[in-house]
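Everything numeric in this text was worked out from a predicted model, so none of it was measured. Chain letters run A, B, ... following the sequence lines, proteins first, then strands; residues in each count from 1.
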Amino acid sequence: MQLIPQGKVACYGQIADLAGLPGRARLVGKALGKVPKSGWHGQVVPWFRVINSQGKISFPPGSENFEKQKQQLQDEQVVVLGARIKLKDFQWQPDLSEILFFLEF
DNA sequence: ACCTTGACGGTTC
DNA sequence: GGAACCGCCAAGG
């Protein structure tokens, strides 16, 4: 299973698509909210690398969650101005070779 | 069974 | 960019 690489971000819709649930981005957000800090299956879930399609952090600016997410992203070199992140530079785009490498034939 | 609530998204103006 | 609108759907009241 692959996770979003550090230093990169993905949007809710993108994750929904990868999960075979096109158009159900909200469901992804809701699901992330239920993930314990410790993660599931002994895997830590990098929820902070998921933002909305407008390239913004989806928490009210100034809220505790907002600040925590912003900080963790910045800790891994992702540039965050206000709530905005330049998807053009930081959005995760798995390339073909990477997909083929992880695919079980 | 009905209504509300979301860590959303695409379209349009 | 930004705001209004509408579509989406699982959970919980």
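Of the residues in residues 44-52 of chain A, those with a non-hydrogen atom less than 4.0 angstrom from any atom of DNA chain B are A:Trp47, A:Asn52. For DNA chain B, the neighbouring residues in residues 6-21 of chain A, judged by any heavy atom under 4.0 Å, are A:Cys11, A:Tyr12, A:Gly13.
Judged as a side chain to side chain contact (heavy atoms under 4.5 Å, CB included), and not counting sequence neighbours, the contacts of A:Leu96 are A:Leu100. Annotation: side chain to side chain contact (heavy atoms under 4.5 Å, CB included) contacts of A:Pro36 (sequence neighbours excluded): A:Ser38, A:Trp40. Under the rule for a side-chain hydrogen bond (donor to acceptor under 3.5 Å, both in side chains), the partners of A:Glu76 that lie at least two apart in sequence or sit in another chain are A:Arg49. In terms of the side chain to side chain contact (heavy atoms under 4.5 Å, CB included) criterion, residue partners of A:Leu3 (sequence neighbours excluded) are, by chain and number, A:Gln43, A:Pro46. With sequence neighbours excluded, the residues satisfying side chain to side chain contact (heavy atoms under 4.5 Å, CB included) with A:Arg24 are A:Leu21, A:Leu27.
Between A:Ala10 and A:Ile15, the shortest heavy-atom distance links the atoms CB-CD1, 4.0 Å. Taking every heavy atom of both residues into account, A:Asp17 and A:Gly23 meet most closely at OD1-N, 4.2 Å. The shortest non-hydrogen separation linking A:Gln69 to A:Val50 is NE2-O, 3.1 Å.
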Nucleotides 2-13 of chain C: protein proximity per nucleotide (B base, S sugar-phosphate only, - neither; heavy atom, under 4.0 Å): S----BBSB---
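Mapping heavy-atom proximity under 4.0 Å, the span of DNA chain B touched by chain A runs 5' to 3' from B:dG6 to B:dG10.
Rounded to a whole angstrom, the distance from the C1' atom of B:dA1 to that of C:dG12 is 14 Å. C:dC5 sits 22 Å from B:dA7 when the P atoms are compared, rounded to a whole Å.
The stretch residues 51-62 of chain A participates, sequence neighbours left out, in these side chain to side chain donor-acceptor pair (under 3.5 Å) pairs: A:Asn52-A:Ser58.
Tracing side-chain contacts under 4.5 Å through hydrophobic residues (I, L, V, M, F, W, Y), one never reaches A:Ile4 starting from A:Val44; they form parts of separate clusters.
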Throw together a table of side-chain donor-acceptor distances under 3.5 angstrom for residues 79-95 of chain A, partners on residues two or more places apart or in other chains.
residue : atom : partner : partner atom : Å
A:Asp95 : OD1  : A:Ser97 : N            : 3.2
A:Asp95 : OD1  : A:Ser97 : OG           : 2.7
A:Asp95 : OD1  : A:Glu98 : N            : 2.8

Do any side-chain atoms of residues 61-68 of chain A form donor-acceptor pairs under 3.5 angstrom with protein atoms, and if so which ones, sequence neighbours left out?
residue : atom : partner : partner atom : Å
A:Ser63 : OG   : A:Pro60 : O            : 2.8
A:Ser63 : OG   : A:Phe66 : N            : 3.2

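Counting heavy-atom neighbours within 6.0 Å of A:Gln74 CD, excluding the residue itself, gives a total above 12.
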